[in-house]
Amino acid sequence: MDSPGKKYPVVVGISGASGAVLARATIDRLLSDEHPVIATATAAARMVWRQESEESFGEALERWADWDAFTYCPVGDLTAPIASGTFPTAGMVVTPCSMATVAAISSGFADNLLRRAADVTLKEKRPLVVVPRETPLTETHLENMARLARQGVVVLPPHPPFYLGDGSIRHTVDFIVERTMVALGLTDRMPQGMTYREPERYP
């Protein structure tokens, strides 16, 4: 039996869309709040990370590895625990989420660990959040996201919180991470007049 108060891991999938900072900030936040994390990233995600971040993906993995609650699974490892519905998790977030990944998840195309883990999350009726990164959107993009929404997926585009006043990219990142935590059911609703968390962490 599970011990009282046990926290199940959150699966974080990182696809090849622009917005590596969203993934980094999400994992940082989960670990700082003592939520176990199992992460996986596509080859395209690692390429984008190299272009957008001063911290290499390998350096980020080494830093996160200092946390006992962090696990990384290669995207090609379909024997990883998160590929099975019998492995309990608290849900999954795909951030950033490319349109190819949106299309694959919405169609049940599970050809790598990220997509398989998302498929498992859906079939087990666990919280699934996707943070799509694309603009403008085609009819196909919109139809794929609508299909996900009808299945109960939270589609959370990383739009700036204009109503909170002027802010930088790092403020938007913190805001989206906070909304992700809420969507996963890991924190209470954000209070009005939200105070951003440690914005100096991001470039």
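All values reported here derive from a predicted model rather than from experimental measurement.
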Check D28 with R63, please: is the shortest side-chain N to carboxylate O separation under 4.0 Å?
yes

Nearest heavy-atom pair of A183 and V154: which atoms, and what distance?
CB-CG1, 4.0 Å

Is it the case that one hydrophobic cluster holds both L128 and V75, taking links as side-chain heavy atoms less than 4.5 Å apart, direct or via other members?
yes

Within this structure, what is the CD1-CD1 distance for the pair I27 and I38, rounded to the nearest 0.5 Å?
11.5 Å

So, S18 and E52: side-chain donor and acceptor under 3.5 Å apart, yes or no?
yes

So, D33 side chain and H35 main chain: donor-acceptor pair closer than 3.5 Å or not?
no

Closest non-hydrogen contact found for G85 with K123 is CA-NZ, 4.1 Å

Can you name the nearest heavy-atom pair linking I105 to A118, along with the distance?
CD1-CB, 3.7 Å

Euclidean distance, L22 CG relative to I14 CD1, rounded to 0.5 Å
10.5 Å

Closest heavy-atom contact between A41 and A45?
CB-CB, 4.2 Å

Is there a chain of hydrophobic side chains (I, L, V, M, F, W, Y, each step under 4.5 Å between heavy atoms) that links V153 to L184?
no

Among E143, R150, R147, Q151, the one residue meeting side chain to side chain donor-acceptor pair (under 3.5 Å) with S106
R147

F57/Y72 aromatic ring centres below 6.0 Å
yes

Rounded distance [0.5 Å steps], CG in L61 versus CH2 in W64:
6.5 Å

Heavy-atom count check: over 12 atoms from other residues, nucleotides or ligands less than 6.0 Å from D68 CG?
no

N/O donor-acceptor pair under 3.5 Å between S84 side chain and T86 backbone
yes

Between the main-chain N or O of P96 and the side-chain N or O of S15, is there a donor-acceptor pair closer than 3.5 Å?
yes

Give the minimum heavy-atom separation between V131 and P158, together with the two atoms involved.
CG1-CD, 3.8 Å

I169 side, atom CD1; I176 side, atom CD1 - distance, nearest 0.5 Å:
12.5 Å

Can you see whether R133 engages S98 through a side-chain donor-acceptor pair at a distance of less than 3.5 angstrom?
no

Do you know the tightest heavy-atom contact between T40 and C73?
OG1-O, 2.8 Å

Working note: W67 + V37, criterion side-chain contact (heavy atoms from CB on, under 4.5 Å); need CA distance, chi angles, decisive distance, verdict.
CA-CA 10 Å; W67 297 79; V37 171; over 6 Å; no

Hphob cluster co-occupancy, L30 + V129, side-chain heavy atoms under 4.5 angstrom
yes

Nearest 0.5 Å please: distance from the CD atom of E178 over to the OG1 atom of T26.
10.5 Å

Spell out, as yes or no, whether a donor-acceptor pair under 3.5 Å connects the side chain of E59 to the backbone of S56.
yes

For the OG1 atom of T140 and the CE atom of M145, what is their distance to the nearest 0.5 Å?
10.5 Å

Salt bridge R170-D174, side-chain N to carboxylate O under 4.0 Å
no

S53 side chain to W49 backbone, donor-acceptor under 3.5 Å
no

Does the distance from a Lys or Arg side-chain N to an Asp or Glu carboxylate O, for D119 and R115, drop under 4.0 Å?
no

Would you say V21 and V177 are hydrophobically clustered, going by side-chain heavy atoms of ILVMFWY under 4.5 Å?
yes

Can you tell me if R126 uses its side chain to pair, donor with acceptor, with the backbone of T121 under 3.5 Å?
no

List the steps, then state whether side-chain contact (heavy atoms from CB on, under 4.5 Å) holds for L148 with V102.
CA-CA 8 Å; L148 287 179; V102 165; 3.9 Å; yes

